[in-house]
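Worksheet for the structure shown next.
In this chain, numbering begins with 1 at the start of the sequence shown. Please read all numbers here as calculations on a predicted model, not as lab measurements.
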Amino acid sequence: MAEIHELSARELRAGYEARTFTPEEVVEAIFERIEALELSLNAFISQTRDAALVQAHAAARQWSLRDGNQPPLLGIPITIKDLVDVQRVPTTMGSLVADHQPAQRDELFVERLRDAGALFLGKTNTSEFGLAAQTTNRLGPPTANPWNLERTAGGSSGGAAAACAAGFGPLHHGTDGGGSARVPAAYCGVIGFKPSGRRIPRRTRGAGMSQISTDGVLARTVGDIALMHDVMAGPHPDDPVASRAASGRLSEVSRPGSLEGLQVGLTTELGWPTPCEPLIASRVEVAAAMLREAGASVSAASPPISDPNEIFPTLSAVGAAANYGEMCVGREEELNDYTLGSLKRGRSLTGVRVAEAYAALDRLSRAMDAWFDNFDVLLTPTSAIAAHQHGAVIDEIAGKSVTPWTISILYTPLANLIQAPAIAMPAGLDADGLPVSVQLVAREGNDATVIRCAAVLEEAGLNDASPLAQV
């Protein structure tokens, strides 16, 4: 029988229904796991064990009623990335300069998770303000990869990905502005889902990259991804943007079925140099074969687009300056170097340059919209490489030169820029025993399509490794 920390959210719920264990026993078992491994991983910025136990007691009482009306996440442990407010817990945003006072109220989707019965284990680690692709900040050591402690867990949702891979509960919130959920998921061998933009409500959205960022989910099964998403997403009166977004329950399509009639475009080249490690490219081909077996038509097809990394860094920098610049004035010595660089670049950008970036974004969106007239899904690697060593500067992949800051995000920002749903699916291990991953992207609003494909890949055994790292 699997240990408690190995169980999915759906399996935990089934266990509660069968009275195999209680929410209190689950919380205690998971915190024992955290106590054993967290010192090595640094997945958390703060833990909320006492509050989780109180919630677990309440959940146990509700399960004892056995009235069939238990909410979907009753007694299910989750974590929240420390860029988002959870009532009575500080939101540090991975920075010394942020207000570390306890938040007065939950973010909108956190309220939904609480109402659904989730048990909050704590706030997971993030790069400062979520700006970097490695989870490093000045609050403590970097987050380590559970598959190899000398390797990065990626960023900026590295804490969530490491917690997921280590068995610190089944469900984890992340944010994704350019791959911040999907790349850590790829590095840590779990599933990372970025829904269509605006599906998950927020009180405010900020400027720049905040406009293309969305909240997402990391988990070890597609069913759990859909379960948590369905609680978080959908219209909310306090967020008119989310109210206009497409909605729909992904749990209804999270089991494998026929993909007959689906058109999939496969590529490792996104219209500009995107070199990829050969083993990862081969796993993309394996995924393509599995989709074909399920009935999809798969063909090589690279979208005719130019490099979105000319747009993305502009939106990222201007967002950093607009969203965080004022709080950082006079406290520059407390910031990470990458934050200082982003603020400096953002403050130097002219209105003309920002306008040019948005014009390029419009052209990119139109080009991808036309491409999706012929294809339902874009299949690519999630990352061109497996997790690298902490702080490594890499300027070459598969014998081809790359810009070091783009090494982990060659394939991921595109989905953010066009507000598309995208999912990172674990695809086994490389020769060094590190996870590799493939990515599925669909047109904005077609979240169900990527979930359907992901369920097929999961059932077909694309990930032939354990979903839990052997820390």
Check your understanding: Between Glu38 (side chain) and Ala43 (backbone), is there a donor-acceptor pair under 3.5 Å?
Key -> yes
Point to revise | Residues Thr143 and Asn125: side-chain donor-acceptor under 3.5 angstrom | key: yes
Review point. With a 4.0 Å cut-off, would you call Arg49 and Glu28 a salt bridge?
Key: yes
Study note, to complete from the structure: What one should report as the nearest heavy-atom pair of Val84 and Val110 is CG1-CG2, 3.8 Å
Check your understanding: Rounded to the nearest 0.5 Å, how far does OG1 of Thr314 lie from CZ of Arg345?
Key -> 4.5 Å
Point to revise | Results of salt bridge (Lys or Arg N to Asp or Glu O under 4.0 Å) for Glu444 - residues two or more places apart only | key: Arg198
Check your understanding: Phe44 vs Phe168 aromatic rings, parallel, tilted or perpendicular, using cut-offs 30° and 60°?
Key -> parallel
Point to revise | Donor-acceptor contact present, side-chain Thr204 to main-chain Gly206, <3.5 Å | key: no
Check your understanding: Any side-chain heavy-atom pair from Leu171 and Leu73 closer than 4.5 angstrom?
Key -> yes
**Study point:** Distance-only donor-acceptor check, side chains Arg182 and Asn416, under 3.5 Å
**Key:** yes
Exercise for review: For His173 and Thr124, run side chain to side chain contact (heavy atoms under 4.5 Å, CB included): C-alpha distance rounded to whole Å, both residues' side-chain angles, the deciding distance at 0.1 Å, then the answer.
Suggested key: CA-CA 9 Å; His173 159 262; Thr124 52; over 6 Å; no
**Study point:** Worked verdict on Tyr187 versus Arg151 for side chain to side chain contact (heavy atoms under 4.5 Å, CB included)
**Key:** CA-CA 9 Å; Tyr187 281 5; Arg151 304 293 179 118; over 6 Å; no
Check your understanding: If you look at every heavy atom in Asp85 and Arg105, which pair is closest and at what distance?
Key -> CB-O, 3.5 Å
**Study point:** Reported NE2-to-CG distance for the pair His236 and Leu108, which is rounded to 0.5 angstrom
**Key:** 4.5 Å
Exercise for review: Under the side chain to side chain contact (heavy atoms under 4.5 Å, CB included) rule, what do Tyr16 and Ile76 come out as? Steps first, then yes or no, please.
Suggested key: CA-CA 10 Å; Tyr16 295 149; Ile76 307 301; 4.1 Å; yes
Point to revise | Short side-chain donor-acceptor distance under 3.5 Å, Arg331 and Ser95 | key: no
Check your understanding: Distance only, no hydrogens: is a donor on one side chain within 3.5 Å (strictly under) of an acceptor on the other, for Thr22 and Glu24?
Key -> yes
Practice item. Would you kindly say whether Ser210 and Asn323 are connected by a side-chain donor-acceptor distance under 3.5 Å? Key: yes
Review point. Is any side-chain heavy atom of Trp63 closer than 4.5 Å to a side-chain heavy atom of Arg13?
Key: yes
Practice item. Mark yes or no for whether Glu128, through its side chain, and Leu139, through its backbone, hold a donor-acceptor pair below 3.5 Å. Key: no
Review point. Just wondering, more than 12 heavy atoms not from Gln104 lying within 6.0 Å of its CD?
Key: no
**Study point:** Test item: Asn463 side-chain N/O and Gly428 main-chain N/O as donor-acceptor pair under 3.5 Å
**Key:** yes
**Study point:** Side chain to side chain, His229 and Pro195, heavy atoms closer than 4.5 Å
**Key:** yes
Exercise for review: Report the residue from Ile451, Leu227, Val217 that forms a side-chain contact (heavy atoms from CB on, under 4.5 Å) with Leu250.
Suggested key: Ile451
Check your understanding: Hey, what's the ring geometry for Tyr324 with Phe129, parallel, tilted or perpendicular (30° and 60° as the breaks)?
Key -> parallel
Review point. Are Leu378 and Leu270 side-chain neighbours, meaning at least one heavy-atom pair lies under 4.5 Å?
Key: yes
Practice item. Measure the CE-OG distance between Met93 and Ser156 for me, rounded to the nearest 0.5 Å. Key: 12.5 Å
**Study point:** Rounded distance (nearest 0.5 Å) linking atom NE2 of His390 with atom CG of Asn148
**Key:** 8.0 Å
Check your understanding: When rounded to the nearest 0.5 angstrom, what is the spacing between CD in Gln55 and OG1 in Thr48?
Key -> 7.0 Å
Check your understanding: Would a distance-only check, ignoring hydrogens and angles, find a side-chain to backbone donor-acceptor pair under 3.5 Å from Asp395 to Ser401?
Key -> no
Exercise for review: Using modelled atom types only, decide if a donor and an acceptor are shared between the side chain of Glu107 and the backbone of Arg202 within a distance under 3.5 Å.
Suggested key: no
Check your understanding: Any sub-3.5 Å donor-acceptor pair from Glu332's side-chain atoms to Gly330's backbone N or O?
Key -> yes
Review point. Is Pro381 close to Leu410 at the side-chain level, that is, under 4.5 Å between some pair of heavy atoms?
Key: no
Practice item. Report, as yes or no, whether the 6.0 Å neighbourhood of atom CZ on Arg203 holds more than 12 heavy atoms from other residues, nucleotides or ligands. Key: yes
Review point. Are any non-hydrogen side-chain atoms of Asp238 and Pro201 less than 4.5 angstrom apart?
Key: no
Review point. Taking atom types as modelled and ignoring hydrogens, do the side chains of Thr382 and Ser437 form a donor-acceptor contact shorter than 3.5 angstrom?
Key: yes
Point to revise | Any Leu335 side-chain heavy atom under 4.5 Å of Arg138 side chain | key: no
Check your understanding: Regarding Thr126 and Asp82, is there a side-chain donor-to-acceptor distance under 3.5 Å anywhere?
Key -> no
Review point. Which atom names give the shortest non-hydrogen contact between Cys188 and Ala165, and what distance separates them?
Key: O-CB, 3.3 Å
Check your understanding: Between Asp239, Asp447, Asp230, which is the residue that forms a salt bridge (charged side-chain N to carboxylate O under 4.0 Å, His left out) with Arg199?
Key -> Asp447
Exercise for review: Heavy atoms only: give me the nearest Gly177-Ile212 pair and the separation to one decimal.
Suggested key: O-CD1, 3.7 Å
Review point. Hey, are Asp215 and Lys81 close enough for a salt bridge, meaning a charged N less than 4.0 Å from a carboxylate O?
Key: no
Point to revise | Under 3.5 Å: donor-acceptor pair, side chain of Ser157, backbone of Gly174 | key: no
Check your understanding: If you take all heavy atoms of Val190 and Ala161, which pair is closest and at what distance?
Key -> CG2-O, 4.4 Å
Practice item. Check whether any side-chain heavy atom of Arg220 sits under 4.5 Å from a side-chain heavy atom of Leu468, and report yes or no. Key: yes
Point to revise | Short side-chain to backbone donor-acceptor contact, Asp432 and Leu434, under 3.5 Å | key: no
Practice item. Could you pull out the closest heavy-atom pair between Leu417 and Ser365, with the gap in Å? Key: O-OG, 4.1 Å
Practice item. Give the intermediate values and the outcome of side-chain hydrogen bond (donor to acceptor under 3.5 Å, both in side chains) for residues Arg10 and Ser254. Key: CA-CA 12 Å; Arg10 288 182 172 182; Ser254 62; 3.2 Å; yes
Check your understanding: Counting N and O atoms only, with roles assigned by atom type, does the side chain of Thr152 sit under 3.5 Å from a partner on the main chain of Ala387, one being a donor and the other an acceptor?
Key -> no
Check your understanding: What distance separates His5 NE2 from Ile34 CD1, expressed to the nearest 0.5 Å?
Key -> 11.5 Å
Exercise for review: For the residue pair Phe312 and Trp405, categorise the inter-ring angle as parallel (less than 30°), tilted (30 to 60°) or perpendicular (more than 60°).
Suggested key: parallel
Exercise for review: Step by step, work out the side chain to side chain contact (heavy atoms under 4.5 Å, CB included) result for Val89 and Ser46.
Suggested key: CA-CA 8 Å; Val89 183; Ser46 60; 3.7 Å; yes
